[in-house]
Amino acid sequence: MRKQNSTFQSAFISEAGSELENNDYFAFVELEEYACYVVADGLNDLADAQSARIAIETVLLAFQEHPSMKKSALLSYIKAADQELCKADSKERLKASVTVVVTDYEKLRYAYAGNTRLRLYRNGRVKEQSSDMSLSNDIGREEKLPEDVLSKHEERNNLYAYVGQGKGFSPTVSGKIKLENGDILTLYTRGIWENLDSGELDDVFSEAKDEPKESLNDIEDLLLSKQPGTLENYTFFAVFIDKVFSDPDRKKKRKKILIICLVAAAVLLVAVIAIWIVRILYQQLVEDMSRKYSDAIEYIQDNNFVRAQEEAEEALAVAEKLRDKKYIQEISDYLKLIEAMNSADSDYADGKYEDAQAGYATAKERSRYADHVADEYIDQRLESIVSYLSVYDYIQLGDALMEQGDYDRAEEKYLQAKQLATSVYFEEGRNESMDALKELYASRQEAEEAMNQQAAETATATVSAARLAAEGDKAFAEGDYGSANVYYAMAIEKYQELGDNAHAELLQSKLDASTQKAEDNKKKEHQAEDYVTAGNAQTASGNYMEAKKLYLFAKNIYRELGMDDKVREMDGLIEILDVEIEQRGKVQEEQEAQQ
């Protein structure tokens, strides 16, 4: 009876404009209890794209299956269209801006995604209007740009929500809007609003008569009189609401609702008291969990991971009791980090430095999911381990050199081990290097007396390999990984000729690490070049702030790689951009002053 006891007049225009095909689409369904009006603007470049038609047909089909004005219903209609476009078989991904309106002939609710627009007029004035989901709309609000600028803004079709988006799709749904006799509902696409501002539309409907077709003809005449160089597909739909449905049983229903509300209020009061008590208990648990969670983080920052584990386990137990999935995940991530740190610290204390190094690497990976709270401590430990292992490397090289009769080079390696151990306060390594020196001095005389020609040749080869390995270490330490690779490869070859597989394997691991470092630096250099290329493109497009940001990213990478010439080059580009930005700001200030 609602449709029969209300009067809704509708009319629409939809043309291709200057395009070959009309990718706009409009359709509606008026049932006995509800009506649904849908307008869509296809966003695809292909002339034969059917995104708007598919979207609207999907919405109307979903509406007819379950007609409703509930917010969840409108969301389900427009999300069904989104899913249909995502799985459509097409040469390119189908996309469309869509606005859906559902009314029970007494009220209406609308949902939209993209930049199709809705305006509801009452007594010649705008009662309700939608807002574009575009970057230009956000920029307009921030910079307070006029409407005529926004209608031509380069970001007006850069949408953060549209039908066909798939993952992350988030349409907007309005609240219910009560209709009155004489209201006018309008839906239109970008072909209209890019060429006619809202004031011109408002003028047409402030003087609208009883026939919607006349108003639409006025709008089309006004649009065509603009004679735009490029006219997009345009669609405009209007519903003149001459009579809104009035429920004859409204008074009885209100009385019944009042009685229900009083009973519900009494029940609600009891429920509120119960909820209040439960909330107090819940809040106490939340505070307890938050306190323990915070204490765990503080203990991590103090490098006291044993106490941090105790507090984190207690906080996790409370979070599980509260069934708070967010905190369960967060605390679990911190607990995994703490457990990895305790295991690595145990190996570190026991002198198992290689195991500790692997443990800290695991902890560093887990620290990514715990706000990087332990990164500084982990990095310090890893640096210490690298130094400790280097001490042992020097001692091992010294041992190898001493076994091969090169006591001078062996003494040099032992002294390097001692110096490095002393500088990093590695007492155990210092003692081992001292013992090695004592043994060296004790056996030097005996070894010199027993040395023969073959031993001398072997010692010479070993010294050469050790020297190459040392040069590789030096080049690696200086970041010259290409030279380090050459030295390590030559040293490995020599050790293999000598049958010293242990040192060959040791140097192979260093060669692998050096190769990986070289590849990583090359990737960083390529990344910096990509930033520079992107920055040049942004500069050419006039996006100086974005270009400056990209140059800064490139500069940081070049600085990290020690490429000072490139750093100076980036500084020069940034200075040029700063001048351009300053000049643009002055021009804008002058324009604003003139306006």
### Message
Can you list everything that forms a ring pair (Phe, Tyr, Trp, His ring centres under 6.0 Å) with Tyr334? Sequence neighbours excluded, please.
### Response
Tyr293
### Pairs meeting criterion salt bridge (charged side-chain N to carboxylate O under 4.0 Å, His left out) with involvement of residues 122-136, two or more places apart
Arg117-Asp132, Arg122-Glu180, Arg122-Asp183
#### Entry: Contact list for residues 214-224, test side-chain hydrogen bond (donor to acceptor under 3.5 Å, both in side chains), sequence neighbours left out
Glu220-Tyr234
Anything under 3.5 Å between a donor and an acceptor, one on a side chain of residues 163-172, the other on a protein residue two or more places apart or in another chain? List them.
residue: Gln165; atom: OE1; partner: Tyr162; partner atom: N; Å: 3.4
residue: Gln165; atom: NE2; partner: Tyr160; partner atom: O; Å: 3.4

### Short side-chain to backbone donor-acceptor contact, Arg584 and Gly542, under 3.5 Å
yes
### Message
Restricting to salt bridge (Lys or Arg N to Asp or Glu O under 4.0 Å), what partner residues turn up for Lys523, sequence neighbours left out?
### Response
none
### Message
Strictly by salt bridge (charged side-chain N to carboxylate O under 4.0 Å, His left out), give each pair with a member in residues 226-239 just once, sequence neighbours left out.
### Response
Glu200-Lys226
### Query
Who pairs with Phe12 by ring pair (Phe, Tyr, Trp, His ring centres under 6.0 Å), at least two apart in sequence or on another chain?
Phe26
### Task
Among residues two or more places apart or on two chains, list those pairs meeting salt bridge (charged side-chain N to carboxylate O under 4.0 Å, His left out) that have a residue in residues 569-582.
Lys548-Asp578, Lys555-Asp571, Lys566-Glu569, Glu582-Lys586
#### Entry: Polar side chain donor-acceptor pair, Thr189 to Asp41, under 3.5 angstrom
no
#### Entry: For Glu287, salt bridge (Lys or Arg N to Asp or Glu O under 4.0 Å) partners two or more places apart
none
### Query
With Phe63, which residues qualify under ring pair (Phe, Tyr, Trp, His ring centres under 6.0 Å), at least two apart?
Tyr77
### Summary
Here the ring-ring contact (aromatic ring centres under 6.0 Å, His included) pairs for residues 118-143, sequence neighbours left out, are Tyr121-Phe205
### Listed partners of Tyr188 passing ring pair (Phe, Tyr, Trp, His ring centres under 6.0 Å), at least two apart
Phe236
